[in-house]
Structure formats: C-alpha cells, structure tokens
Amino acid sequence: MRLTRLKVAAAAVLVASTLAACGDAGDDDDKGLDVDVQDNAAEEFDAGTRMRELADAGSIKIGVKYDQPGIGFKGATDDTPVGFDPEIGKILAADLGIAPEDIDWVETISANREAFLQKGEVDLVIASYSITDERRQVVGQAGPYYVTGQQLLVKSDSDIESIEDVKGTEVCSVTGSTSLANIEAEGATPRGFDTYSECVDQVLNGTVDAMTTDGAILLGYAAEHPDELKVVVEPFSEERYGVGYSIDHPEMCDWITETIEDAQEDGDWAAAFEVTLGKSGVETPEPPAMDPCA
C-alpha cells in the first residue's frame, strides 16, 4: 500500500502569550492547517480494507474532545473543533482523499471512547486517548503521536506544591481517564466528572482541592483563569496519546502509523503542533517514535 506524504502549510504563527493563545481556543478565525487532500485515494488501498471503504465513501467520523483548549476545543459559536487532535484527524482524513469539510466531528468524552469505537459510532478516536495495555485488549490504538505527563491544576492560593501534598485531598478528573487511577495511587480521593470543564468548575468553587490530567490540557485552563488557577508539580506519569480504531479493522494500524510517520518526517506534525499546543509558548518537541503494529 503506497502512502503519500501530506503537504501541510502552517496557517498561523506562534503567539507570545499563553493567555492570548488559549483565549482564542475557539476562534473561528483560526482554522489551523490547510491540508492537500489526496487525489484518487481509494486506488491506493486494497479492496475490502476499512481505508478503501472510507475513501470510497468520501467521509469519515472522528471522535475528539470539545473542552480541551489546545488539544480539542469547540466553542458554542464554532463550526468545527480546533486543536492538535483535530489537526491529526485532518492529516489522516486527507490521506484518504477526504477534505476537512467532509469530516464528521463527533464529541467524544473519556468515558465513551471504547464504546464509540466498538459500536461504530466513530471510525477514529483522537481525543487525548492514552495508550494502555487494557485498552488495547478491546480497541486498536496506534501511536503514540504525542507524549505528555500528568500534573495538577489548583487555585492560585493553594498550598499544594508537590505530589506528596495531595495525600488526603480530593482531586477530580474525567470519568474513565487514567488520571483518576494515577492520582488515587498517590493517596488522593478521586472524583470523576463527565467533562474537564465540570472539573475545572469544581476547583474554582472550592468543592475539590485540585484537578489532574495531562499538563498540556491544564495549561489551557490556567490561561483562561490566570488570576485564579495555576499548574503545579512536576509530571508524575507518562501519557502516550494514540489514535483509536475498531479492533475489527486491524489493517488500520499500519495506515495510521505510516501516515503519521510521514507527517513527522516532512515537518507536518511540527506545523500542526505549532498552530495549536505551540501557541501556549512551549517549544515544539521531537515527535515520539510510533509503536510497531502487531
């Protein structure tokens, strides 16, 4: 199967301020990257593969988060979600000959990612979806396309400064996430909510002592409330984001892996990072090595 490299042109530049960047998380003026959609894509895939079916159909359903600035965000007045995960989705769809406007974006929360893939509600899940051995028993996960680490979001006057300080406190995250298990192991009482925004509200009103998830996500929320919230502690876990697909279509793993590796090699992955997570002011990291497919 021949996979062509996508030529992705950066459509935005880095901004100096984290606050300004995340304040624009749902701005319709920031459409991210322009992708070159592959012509005659169906001809590049074997008959009977899921990639051939999607290319023939000319559309794809991709599950992403709607409440994670920088990762996956869709404001009330936005037509489509923006963030690093949607950009990865656009790169994959373009290799199938599917234009961004033909992607059916589906809001996907942590608790329903496996169910959506198993029931065929979506074709791919690209939703800060940490790779675990347990998840790979029930769904496919290709990656990692991004690696981050778990930290804490607390009120600006909080005494929590180190991971040892969470013992005996209440810490929230989203139901179904690996973050809850990790923070419980550190001695905190975990509280689960359906969305990250609900969890942020609980920190702001003092119902819980802290919120925990990947540092990249927390920076976005702290930037939206610079006088009230801050991100603390060194990363205490490694979160390896993968692209989820149905275990019934194992052939998708090689396609996802090779397409993302092509984007990493020719700079398209870095361009996607710079117009999304890069706007927080963090340096563009080296892209991670993708796991081999079974």
Side-chain angles (χ1 to χ4, degrees), residues 1-12 25-66 68 71-109 112-113 116-117 119-129 139-140 142-143 145 242-246 248-249 251-260 262-263 266 268-269 271-272 275-276:
M1 175 175 63
R2 181 174 64 85
L3 296 175
T4 59
R5 293 182 181 177
L6 304 176
K7 300 302 178 183
V8 184
D27 190 344
D28 270 341
D29 292 334
D30 183 4
K31 296 299 185 183
L33 308 177
D34 292 325
V35 294
D36 285 339
V37 179
Q38 175 67 24
D39 292 329
N40 303 315
E43 298 175 4
E44 304 298 328
F45 301 102
D46 292 337
T49 63
R50 184 58 179 157
M51 296 83 73
R52 178 64 175 267
E53 293 172 353
L54 292 169
D56 282 335
S59 64
I60 186 171
K61 292 182 179 180
I62 301 179
V64 297
K65 295 288 183 66
Y66 279 14
Q68 294 179 350
I71 298 288
F73 184 90
K74 185 175 184 292
T77 61
D78 296 337
D79 294 327
T80 58
V82 296
F84 189 57
D85 285 351
E87 296 306 320
I88 295 297
K90 286 163 58 178
I91 288 172
L92 289 166
D95 194 68
L96 296 172
I98 300 170
E101 59 267 24
D102 293 321
I103 298 173
D104 184 2
W105 301 105
V106 179
E107 182 177 13
T108 305
I109 63 175
N112 63 21
R113 291 175 295 198
F116 272 19
L117 289 169
K119 295 177 181 178
E121 298 287 338
V122 295
D123 301 298
L124 300 175
V125 165
I126 314 175
S128 57
Y129 198 14
V139 298
Y145 64 88
V243 178
Y245 58 93
S246 171
D248 294 331
H249 303 296
E251 71 275 11
M252 296 190 81
C253 184
D254 281 327
W255 163 67
I256 294 167
T257 299
E258 292 175 28
T259 303
I260 292 176
D262 283 348
D266 60 19
D268 298 340
W269 182 94
V275 298
T276 56

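Excluded from the calculations below are hydrogen atoms, water molecules and symmetry mates; all remaining heavy atoms, backbone and side chain alike, are included.
- Between atom CG of residue D95 and atom CG of residue L54 there is a gap of 11.5 Å, rounded to the nearest 0.5 Å.
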Open item on the list: What verdict does the side-chain contact (heavy atoms from CB on, under 4.5 Å) test give for T80 and K90, after you've listed the backbone C-alpha separation in whole Å, the side-chain angles of each residue and the deciding distance to 0.1 Å?
Closed with: CA-CA 12 Å; T80 58; K90 286 163 58 178; over 6 Å; no

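- Closest non-hydrogen pair, G75 versus D78, comes out as N-OD2, 2.7 Å.
- In this view, E121 satisfies the side-chain hydrogen bond (donor to acceptor under 3.5 Å, both in side chains) rule with no residue, not counting sequence neighbours.
- Listed by chain and residue number, S59 satisfy the side chain to side chain contact (heavy atoms under 4.5 Å, CB included) test with A57 (two or more places apart in sequence, or in another chain).
- Residues E87 and A272 come closest through the heavy atom pair CB-CB, 3.9 Å.
- Applying the side chain to side chain contact (heavy atoms under 4.5 Å, CB included) criterion to S246, with sequence neighbours excluded, gives D248, H249.
- Between A94 and D36, the shortest heavy-atom contact is CB-O, 3.9 Å.
- The heavy-atom pair separating G97 from A41 by the smallest distance is N-CB, 3.4 Å.
- A heavy-atom distance below 4.5 Å is found between the side chains of L124 and M252.
- With rounding to the nearest 0.5 angstrom, the CD1 atom of I91 is 10.5 Å from the CG atom of D262.
- For the atom pair CD (E258) and CH2 (W255), the distance works out to 11.0 Å, reported to the nearest 0.5 Å.
- Scored by the side chain to side chain contact (heavy atoms under 4.5 Å, CB included) test, A93 finds I60, I98, I103 as partners (sequence neighbours excluded).
- Listed for the R113 side chain is no donor-acceptor partner under 3.5 Å among the backbone atoms of V125.
- Once rounded to the nearest 0.5 Å, the distance linking CD of E44 with CD of Q38 reads 6.0 Å.
- In this structure, the separation between CG on D123 and CD1 on I62 is 8.0 Å, given to the nearest 0.5 Å.
- F45 is listed as a side-chain neighbour of L96, based on a closest heavy-atom distance under 4.5 Å.
- For the pair W269/I88, a side-chain contact is recorded, criterion being any heavy-atom separation below 4.5 Å from C-beta on.
- The side-chain heavy atoms of M51 and T259, taken from C-beta on, include no pair separated by under 4.5 Å.
- Applying the side-chain hydrogen bond (donor to acceptor under 3.5 Å, both in side chains) test to Y145 and every residue at least two apart in sequence or in another chain returns D85.
- Side-chain contact between V243 and Y129 is absent, with no heavy-atom pair separated by less than 4.5 Å.
- P100 and V37 make their closest contact through CD-CG2, 4.4 Å (heavy atoms, listed as atom of the first residue, atom of the second, distance).
- The salt bridge (charged side-chain N to carboxylate O under 4.0 Å, His left out) contacts involving residues 55-65 comprise R52-D56, where partners must be two or more places apart or lie in separate chains.
- P86 approaches G72 most closely through the heavy-atom pair CD-CA, 4.2 Å.
- Side-chain contact between Y66 and V64 is present, with heavy atoms from C-beta onward closer than 4.5 Å.
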- [ ] Quick one: do I256 and L92 satisfy side-chain contact (heavy atoms from CB on, under 4.5 Å)? Show the steps, please.
- [x] CA-CA 7 Å; I256 294 167; L92 289 166; 4.3 Å; yes

